[in-house]
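Have a look at the structure below, then the notes.
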Amino acid sequence: MINLRILYRTDPRVHSCPDCNKPGTLKKSRSRNILEKIIKIISPFSTFRCKECGWRGYKSAYLFTSKSLQAIFIYLILFLVTSYLVSFILKRFIIK
Ligand SMILES: [Zn+2]
C-alpha cells in the first residue's frame with residue numbers, strides 16, 4: 001500500500017526544546033498580540049514555551065518527511081497523465 005500523505009501531524013509538546021534540547025518541556029503559549037493570533041489561524045504554527053529554559057517561539061504540528069516528497073512526486077505524475085489524457089481526448093474528439 002502506497003502512503004500518499006504529504007504532511008504528518010504530530011504533537012510539538014513531545015518534541016525537544018530548540019534551545020535547551022530537553023524533550024517534553026514544551027507547553028502551548030497564549031498568543032500575545034494580533035500578529036501571533038493571525039499566524040496561529042492561517043498557518044500550522046503555534047506559539048510554545050519551554051518550561052525549563054523559558055524559550056518561546058513557533059512550532060509546527062506538521063512534519064514534512066522524505067515520504068512526503070514521494071507522495072508529491074506521485075501526485076505530480078497523476079496530474080501529468082491526467083492532463084495528457086484530457087488534452088488528447090479534447091484534440092481527438094471535441095476540437096476538430
Ligand atoms: Zn528549553
Side-chain angles (χ1 to χ4, degrees):
M1 180 66 194
I2 307 165
N3 192 340
L4 289 178
R5 289 175 71 180
I6 291 176
L7 292 171
Y8 292 85
R9 198 183 161 85
T10 61
D11 191 343
R13 280 170 290 187
V14 301
H15 297 174
S16 46
C17 167
D19 203 32
C20 66
N21 265 322
K22 281 185 188 161
T25 57
L26 295 180
K27 193 176 172 281
K28 259 206 163 139
S29 178
R30 204 175 286 164
S31 309
R32 280 180 184 168
N33 51 49
I34 292 285
L35 185 71
E36 287 188 357
K37 273 185 188 149
I38 292 169
I39 289 171
K40 197 177 167 183
I41 292 166
I42 62 163
S43 79
F45 290 92
S46 295
T47 44
F48 284 90
R49 174 184 283 285
C50 173
K51 284 182 267 180
E52 289 289 318
C53 69
W55 171 87
R56 190 172 182 277
Y58 293 99
K59 271 271 193 186
S60 170
Y62 293 93
L63 283 182
F64 192 84
T65 64
S66 59
K67 279 190 177 171
S68 312
L69 278 177
Q70 222 172 21
I72 288 173
F73 186 68
I74 291 167
Y75 284 124
L76 194 70
I77 288 173
L78 283 175
F79 172 75
L80 290 174
V81 168
T82 311
S83 41
Y84 174 76
L85 284 174
V86 167
S87 83
F88 176 78
I89 291 167
L90 282 174
K91 279 178 191 158
R92 183 80 173 74
F93 302 106
I94 296 164
I95 305 163
K96 288 195 173 171

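Both counts, for ligands and for their atoms, begin at 1 and track the order of listing.
- Ile6 CD1 to Ile72 CD1: the interatomic distance, rounded to the nearest 0.5 Å, is 4.5 Å.
- Atom CG in Leu26 sits 7.5 Å away from atom OG in Ser16 (nearest 0.5 Å).
- Ile42 contributes atom CD1, which lies 15.0 Å from atom NZ of Lys37 (distance to the nearest 0.5 angstrom).
- Every pair passing salt bridge (charged side-chain N to carboxylate O under 4.0 Å, His left out) that includes a residue from residues 20-30 is listed here, sequence neighbours excluded: Lys22-Glu52.
- Taking the side chain as every heavy atom from C-beta outward, Pro18 and Trp55 approach each other to under 4.5 Å.
- Results of the side chain to side chain contact (heavy atoms under 4.5 Å, CB included) test with Ser60 over Pro12, Ser43, Pro44 single out Pro44 as the only residue that passes.
- At a cut-off of 2.8 Å, measuring from the Zn ion (ligand 1), the protein N, O or S atoms that fall short of it are Cys17 SG, Cys20 SG, Cys50 SG, Cys53 SG, waters left aside.
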